[in-house]
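Structure first, commentary second.
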Amino acid sequence: MNRLKTMARGNKERSGMAMVIVSVIFIMVAILFMTLSMSSNRLRHVTAGVLEENQARVFANSAAEVFWPFFEDCLRKRAGCPKLFPKSGCDSPLNPYSGQDLDGFTLSTGDFDNKDALKASLDQLAEFCSENTPPIQEFGVEVRWHCQKPIQANGMNVRLNGTVETIISVFLQTNRGTTPWQFGRKDVHIFSFSREFKLFQIMPAPASRFTLFVKKCQQEQFNIQEKKFQEDDGKQKILVLHNSPRNFSSTDTEAWKKSGWIYLGEDRVVLNVDGSHPCRSQSEYFFFTPTVAYQPDSVQLFSCTSLFPGSPIRYGWMMLGCNEEWVTSVPMRWLIDYPFDLKTSGNVPKLVEHVSVLRLFGDKDHVTPTKVFGKSHFRAVFYGALVYDANEDGAADYLVPVASGSTTVILPKTLGAFPIVRLPSVSDYPPNHQYPTLLNVDLYELFDLGNMGVSGIPSNLGGLVPGYEGQTICYRNLMSMVSFEDFFLENSSANAVYDGIFAGAGTGIDPVTKDRKKNFDKTDYPNDGSGFLLNAKWQSNLELFRGDLSKTDLVGPYKNPAFFATVFSGQNEFLCEGPITRDGNNARIDKATVARIEGDLQLPDNLIIDAPCLIVANGNISVGKLESGKPGSSPHGRLVLISLSGNITMAGGNVGKVVLMAPSGTVTWTDRLYMSGCLCANQLNPNVISQSGGQIDYDTDCDVSDPQSFLRGITVILGPSLPGFQNREPNS
């Protein structure tokens with residue numbers, strides 16, 4: 001019995017042990033299956049994650065490929081992003097003087113004018129990348145600037161290095177996870193693509209502030225134009241300077257602040273002024289102040305002032321330009337060379353019959369006075385006269401004298417204007433000599449008319465003008481004069497003329513010595529450029545340049561090869577590996593370029609400039625036809641062409657927006673030149689001008705002191721891509 005009980009208990013124990021073993025086996029199998037399941041889930045999760053990451057990377061790479069050309073085009077056009085290129089002012093981080101820090105500056109796609117088109121392209125790309133994988137729910141694009149080196153500046157020649165980083169965030173909506181609550185989570189993949197950048201100001205200061213900058217000029221070198229009295233043009237061609245887009249206004253006394261300036265340096269320069277007749281609106285008609293009065297049946301009348309109280313005789317004046325007749329015409333030569341002898345006289349001012357081939361202030365259709373630096377003077381004839389004006393209307397009366405000794409013979413009417421002849425010295429006036437003869441256009445002598453029935457005329461000139469000089473009313477101040485020879489030097493300077501062209505410029509009987517409005521300081525009569533200062537218009541205490549224009553090395557910053565984005569060993573390397581591409585018969589530069597070429601450079605014909613370009617060569621530069629000036633050409637193109645030690649030769653024609661600098665040589669052209677910008681040379685050959693002529697319109701985009709123009713000169717060049725990185729941030 002006991003044995004039976006013992007056997008039964010053993011069976012129970014063995015059965016329980018078996019149950020335990022079976023349970024353990026089931027648990028182990030369950031754990032194994034769970035482990036295998038979790039491993040499979042993890043593998044699937046990792047695999048899906050890799051696929052999604054690759055999907056995000058493909059999208060990010062493609063998005064970067066879409067964005068970089070868009071961004072580069074914005075930088076090329078210098079427009080399309082108000083934060084970088086505001087439509088007014090200079091409040092941009094690209095301006096190193098704006099107070100904003102470019103380092104760390106960030107942009108988003110919403111900061112671009114063309115953001116809708118950019119987003120549409122990226123949306124289409126995201127849709128394509130989401131066809132067989134979890135969809136791209138959203139994405140973001142940011143641009144972040146990093147400056148590696150501080151600003152290197154020499155005046156306005158700014159250079160800045162660094163990187164531009166495009167950060168692309170990709171948000172994927174997933175249905176994977178190891179736990180139920182992880183399904184439907186959002187994963188963020190962040191990719192960064194960086195490119196080097198170099199920032200330049202390609203407008204060279206201070207030369208780009210000038211329409212024309214010539215470092216060395218000789219006194220009479222430009223006075224070679226042969227021109228007759230009534231001719232608009234002569235035998236030689238001329239170079240016309242339009243210094244501002246707006247025409248002259250007598251009320252805009254500060255027009256010089258908004259216009260391109262002129263520098264004619266080293267020695268004193270005398271320019272014979274064009275303009276032959278006050279009835280004709282010729283090139284520098286504004287010079288011939290004051291405004292001449294007219295009446296319908298008159299040929300010409302003088303502007304008059306009441307100089308002789310109680311007398312019908314007034315003092316009148318006008319200005320006449322230089323022309324051949326001042327030497328070849330006896331009546332005109334009489335006026336400025338009295339008493340004269342056509343064979344022996346030496347009193348005629350030198351070259352008064354010739355006109356300058358430089359026309360500084362525009363032409364009759366576009367008059368643009370401006371500030372002139374250098375020892376620059378004008379020469380013209382100051383035409384003084386005694387005017388009979390009994391009705392006091394400010395115009396010369398027509399007189400009807402009666403023949404001497406008869407009351408029946410009526411002579412033809414004659415104009416009561418009697419030019420006062422030029423007497424070079426006091427010895428030509430009483431008591432050393434006799435009173436001069438004053439004849440009108442009909443050769444009537446003024447003081448003979450008193451004996452012919454015309455009332456109010458004294459017997460001789462002494463009754464009106466007692467002495468040659470020193471008196472309140474003296475002959476020296478009233479006679480016809482030649483500006484440079486007879487005026488005080490400061491009163492024949494270009495800037496003194498500028499001050500005198502505006503309405504109400506002064507009072508007094510003598511426009512030569514009258515008080516000016518003082519648009520300029522007295523030191524501007526003339527201003528030799530030794531104390532030149534260029535301030536920024538957006539910040540009055542910011543000096544962009546200070547120095548002596550005659551001694552300034554205008555191309556100093558460009559002598560260092562490290563300044564440039566690219567340096568080419570020679571012309572062949574530049575033409576083969578540089579920015580020039582071929583478009584049929586044309587060559588094109590459509591990438592921002594700041595390059596230096598060792599040696600000479602010959603640019604190809606029919607070159608189209610479609611981007612900001614600063615091209616500097618050590619030697620001579622030869623330029624064929626530039627297509628940037630043709631209608632329909634790119635508005636984004638600008639060419640700054642600098643020869644460090646040689647000359648620039650051009651075919652000419654319409655070359656568009658260009659800055660030409662040969663500060664150690666000269667600039668020449670073979671066809672009539674039309675350009676918008678500025679021309680700078682060490683010397684300018686007047687024979688080149690006289691053979692081809694030309695026109696330079698100052699481009700206000702060259703004005704580096706203007707905030708908007710300063711930004712137009714900022715050029716950013718993007719370099720090659722740098723190694724990027726990827727970061728994944730899961731968000732539940």
Side-chain angles (χ1 to χ4, degrees), residues 60-61 63-115 118-119 122 139-154 156-170 190-203 538-539 542 562-566 591-594 611-612 614 636 704 707-708 710-727:
N61 283 330
E65 292 298 319
V66 170
F67 177 77
W68 279 124
F70 170 85
F71 185 55
E72 196 166 12
D73 199 48
C74 175
L75 296 176
R76 177 181 69 89
K77 296 178 179 179
R78 289 166 287 188
C81 180
K83 285 189 176 181
L84 291 180
F85 304 103
K87 294 183 179 180
S88 63
C90 62
D91 189 19
S92 166
L94 297 180
N95 178 6
Y97 303 105
S98 68
Q100 296 191 53
D101 191 357
L102 185 61
D103 189 28
F105 184 78
T106 303
L107 295 168
S108 66
T109 53
D111 294 324
F112 294 90
D113 291 341
N114 206 16
K115 55 183 177 293
L118 176 62
K119 187 177 185 304
L122 295 179
F139 55 83
V141 179
E142 285 188 346
V143 179
R144 187 171 298 158
W145 299 75
H146 302 280
C147 300
Q148 297 175 340
K149 296 182 180 180
I151 295 171
Q152 301 174 10
N154 184 333
M156 290 297 301
N157 299 285
V158 177
R159 181 174 184 260
L160 183 65
N161 291 0
T163 60
V164 180
E165 178 186 15
T166 297
I167 303 171
I168 299 178
S169 304
V170 184
I190 299 177
F191 301 86
S192 174
F193 305 89
S194 296
R195 293 178 67 175
E196 293 179 326
F197 81 86
K198 292 185 178 181
L199 181 150
F200 303 86
Q201 170 57 263
I202 67 169
M203 287 294 109
W538 67 87
Q539 187 178 338
L542 175 58
F563 176 86
F564 299 90
T566 314
K591 297 287 186 182
T593 302
V594 178
L614 169 62
H636 315 298
V704 290
Q708 193 65 23
F710 179 85
L711 283 180
R712 291 287 297 168
I714 290 292
T715 298
V716 179
I717 296 179
L718 294 180
S721 298
L722 301 176
F725 65 88
Q726 184 266 335
N727 182 32

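Excluded from the calculations below are hydrogen atoms, water molecules and symmetry mates; all remaining heavy atoms, backbone and side chain alike, are included.
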**Q.** Exercise: identify the closest heavy-atom pair between F197 and L718
**A.** CB-CD2, 3.9 Å

Q. Do P86 and L711 come within less than 4.5 Å of each other through their side chains, counting heavy atoms only?
A. yes

(Q) Is it the case that the side chains of E165 and S192 hold a donor-acceptor pair, with the cut-off being a distance below 3.5 Å and no angle test? (A) yes

Q) With no hydrogens and no angle check, is any side-chain donor or acceptor of Q100 less than 3.5 Å from a backbone partner on D91? A) yes

Q) Under the 3.5 angstrom rule, does the side chain of R144 hit a backbone N or O of T106 as a donor-acceptor pair? A) no

Q. How many angstroms lie between CZ in R195 and OG1 in T163, if you round to the nearest 0.5 Å?
A. 12.0 Å

Q. Which pair of heavy atoms, one from A611 and one from A592, lies closest together, and at what distance?
A. CB-N, 3.8 Å

Q. What's the shortest heavy-atom distance between I717 and F200, and which atoms?
A. CD1-CE1, 4.2 Å

Q: Verify, without hydrogens or angle tests, whether S92 (side chain) and F85 (backbone) share a donor-acceptor contact under 3.5 angstrom.
A: no

Q) What's the shortest heavy-atom distance between F105 and L84, and which atoms? A) CE2-CD2, 4.1 Å

Q) Under the 3.5 angstrom rule, does the side chain of D111 hit a backbone N or O of S108 as a donor-acceptor pair? A) yes

Q | CD on E72 to CZ on R76, rounded to 0.5 Å | A | 9.0 Å

(Q) Rounded to the nearest 0.5 Å, what separates atom CG in N61 from atom CZ in F193? (A) 4.0 Å

Q) If we only count heavy atoms from C-beta on, is the F71 to V716 side-chain gap below 4.5 Å? A) no

Q | Straight-line distance of Y97 OH to W538 CH2, nearest 0.5 Å | A | 8.0 Å

